[in-house]
Amino acid sequence: MKIVLQNLTKAFPSRNKKSSEEVIAVNNFNFEIPDGKLIGLLGPSGCGKSTTLYMISGLQKPTSGRIFFGDDDVTELSTENRGIGLVFQNYALYPHMTVKQNILFPLQNLKGEDKLTKEQMLERAYQAAKLVQIDQLLDRKPSELSGGQQQRVAIARALVKMPRVLLLDEPLSNLDARLRLQTREEIRRIQQETKITTVFVTHDQEEAMSISDMIVVMKTGIVQQIGKPQDVYDDPANLFVAKFLGTPPINVFEGQVKGGKLYIGSDAVLELTNVADQPVTVGIRPEGFLLDDNGPLKCKPVNVEVMGRDVSVVSTHEASSNPFVRSIINADNKIDIGQEFVRYAIKPHKIFIFNKETEERIYFEVK
Ligand code: ADP
Ligand code: MG
């Protein structure tokens with residue numbers, strides 16, 4: 001089931017009674033979510049992710065704009081009639097019911113032609129439990145389960161009605177690091193097995209990048225960029241997106257384009273064409289540095305952090321916007337932090353420049 005968001009906007013009245021200014025939680029969101037895909041809706045806290053999800057679910061009504069499931073305009077449809085499965089951060093299971101009863105619950109209120117026999121309900125519940133691998137735990141109460149198991153029950157409960165669309169709002173945030181990794185792989189597997197169009201909300205870029213077919217990056221209610229995770233990482237539309245994706249994060253410098261050269265401080269790091277002279281913000285991915293005795297970028301080494309296969313070289317540069325510059329270098333390289341400078345050449349496809357005011361990307365060609 002494809003989902004179409006058309007000029008979707010949500011304004012909330014200001015919480016401050018004295019101010020008449022409203023909060024635009026979601027601002028003119030346009031996107032056609034392809035059928036059967038997993039979309040990661042990504043951005044910092046407060047950027048409008050949940051509001052978008054709630055509008056898709058029907059829990060909140062858009063101020064303007066429309067929502068389609070396939071060709072059906074569902075904008076005015078109630079949550080119950082949209083055929084969606086919802087999973088929240090806090091599993092929201094019924095504590096007095098067993099796992100089985102929790103999963104069966106959504107099926108017991110089905111009416112008319114959707115009504116199921118007892119046997120059909122049990123079969124559906126069992127299939128959903130099996131899919132999320134909790135079929136051994138059906139007689140337990142939620143309090144007798146780990147966080148990860150509880151979240152699986154919540155997912156089974158969302159799937160048991162065979163929804164057209166699965167909506168997940170930060171479903172892994174309450175889990176510890178290891179379970180988070182494991183459960184996100186599970187969600188990916190379940191999504192691929194069921195092929196249910198899924199919207200997965202998270203503030204964790206790594207989580208979104210690792211399991212999504214496409215990501216949508218949002219900031220203050222406004223969509224910044226939509227694309228395949230690798231494409232967005234490799235080709236960020238603006239400084240915000242460049243900074244939001246990647247660990248360690250991109251290195252940001254004050255720079256300048258002058259006479260066909262890109263300067264970081266006094267280091268001319270690249271020759272480029274098609275860009276007029278101007279001050280710019282420069283971003284270099286940590287994996288974009290090459291140790292090179294004749295390299296143009298001169299940093300003062302501070303520390304070398306061992307990461308196993310790679311090392312992270314921590315250094316300083318006078319034009320860096322952050323206290324430290326972080327590069328990721330193959331561990332076979334020997335770095336002497338006693339030396340005055342470590343010199344780098346920069347991989348041209350790992351360096352981006354941005355307009356200093358608008359922070360929009362400036363595209364260039366390497367000479
Ligand atoms: P996210 O899920 O990305 O953290 P939300 O969608 O929850 O963000 O919120 C987006 C913005 O809308 C925030 O500024 C938030 O304070 C505001 N907001 C959310 N829900 C309401 C509400 N019911 N009333 C007023 N403002 C709200
Ligand atoms: Mg939220």
Side-chain angles (χ1 to χ4, degrees), residues 3-31 33 38-67 74-76 78-79 82 84-93 147 150-151 154-155 158 165-175 180 183-184 187 198-212 214-227 229 232 236-246 249:
I3 306 172
V4 182
L5 309 181
Q6 220 174 60
N7 306 116
L8 198 62
T9 297
K10 179 72 181 182
F12 290 110
S14 166
R15 289 208 179 110
N16 178 350
K17 288 205 181 72
K18 288 195 191 111
S19 144
S20 60
E21 222 169 279
E22 48 188 12
V23 177
I24 314 286
V26 178
N27 195 339
N28 200 29
F29 194 151
N30 285 288
F31 185 32
I33 300 174
L38 193 160
I39 303 302
L41 196 52
L42 177 65
S45 175
C47 73
K49 306 180 295 293
S50 294
T51 306
T52 303
L53 204 74
Y54 296 165
M55 288 194 283
I56 298 173
S57 73
L59 290 174
Q60 273 175 357
K61 220 175 121 45
T63 309
S64 60
R66 312 227 56 94
I67 301 167
V74 299
T75 317
E76 306 297 330
S78 70
T79 301
R82 287 194 189 193
I84 53 148
L86 258 175
V87 177
F88 298 101
Q89 176 177 344
N90 56 351
Y91 334 114
L93 301 176
Q150 290 188 54
Q151 194 56 297
I155 295 169
V165 170
L166 183 61
L167 304 171
L168 308 162
D169 192 0
E170 312 243 11
L172 310 179
S173 297
N174 283 1
L175 306 182
R180 215 156 47 223
T183 313
R184 82 184 188 202
I187 289 176
T198 299
V199 183
F200 180 100
V201 162
T202 177
H203 62 272
D204 181 335
Q205 56 92 21
E206 196 199 329
E207 199 169 282
M209 300 256 287
S210 64
I211 65 167
S212 306
M214 292 179 93
I215 55 170
V216 177
V217 184
M218 292 182 79
K219 176 192 172 193
T220 58
I222 300 171
V223 172
Q224 304 292 303
Q225 192 167 359
I226 300 178
V232 178
N238 58 41
L239 182 61
F240 175 83
V241 174
K243 282 163 82 169
F244 200 74
L245 301 185

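Since this is a predicted model, take the numbers as computed values, not measurements. As the structure lists them, so they are numbered: ligands from 1, and atoms in each ligand from 1. The figures that follow rest on heavy atoms only: side chains count, while hydrogens, waters and symmetry mates do not.
If you number the atoms of ligand 1 from 1 as listed, the ones under 4.0 Å from a heavy atom of C47 come out as 1 (P), 3 (O), 8 (O). For ligand 1, the atoms sitting less than 4.0 Å from at least one non-hydrogen atom of S50 are 1 (P), 2 (O), 6 (O), 7 (O), numbered in the order shown with element in parentheses. Annotation for ligand 1: atoms under 4.0 Å from non-hydrogen atoms of V23 are 12 (O), 14 (O).
The distance criterion of under 3.5 Å between nitrogen or oxygen atoms is not met by Q60 with respect to ligand 1. For ligand 1, the polar-atom distance check against A25 finds no nitrogen or oxygen pair separated by under 3.5 Å.
Looking only at protein heavy atoms, the nearest one to atom 9 (O) of ligand 1 is T51 OG1, 3.8 Å. Looking at atom 1 (P) of ligand 1, its nearest protein heavy atom turns out to be G46 N, 3.4 Å. The single protein non-hydrogen atom nearest to atom 19 (C) of ligand 1 is F12 CE1, 3.4 Å, given as residue, atom name and distance.
Remark: atom 15 (C) of ligand 1 lies closer than 4.0 Å to no protein heavy atom.
Excluding waters, the count of protein N/O/S atoms less than 2.8 Å from the Mg ion (ligand 2) comes to 1.
When every heavy atom of F244 is checked against every heavy atom of G43, the shortest pair comes out as CZ-C, 3.6 Å. T75 and R66 make their closest contact through CB-NH2, 3.2 Å (heavy atoms, listed as atom of the first residue, atom of the second, distance). Shown here for A154 and V87, the closest heavy-atom pair between the two residues is O-CG2, 3.8 Å.
To the nearest 0.5 Å, atom CD1 of residue I187 and atom CD of residue E207 are 7.5 Å apart. Rounding to the nearest 0.5 Å places CD1 of I211 at 9.0 Å from OG1 of T198.
Residues S50 and E170 fail the side-chain proximity criterion, which asks for heavy atoms closer than 4.5 Å. Within the 4.5 Å cutoff, side-chain heavy atoms of L245 are placed close to those of I215.
Between the side chain of Q151 and the main chain of L172, no donor-acceptor pair closer than 3.5 Å is present. At distances below 3.5 Å, not a single donor-acceptor pair connects side-chain atoms of T202 with backbone N or O atoms of A208. Within the 3.5 Å criterion, the main-chain N or O of M209 finds no donor-acceptor partner in the side chain of S212.
In this structure, G43 falls outside the shell of residues with a heavy atom less than 4.0 angstrom from ligand 1.
Under a 4.0 Å N-O distance rule, the pair R184/E206 qualifies as a salt bridge.
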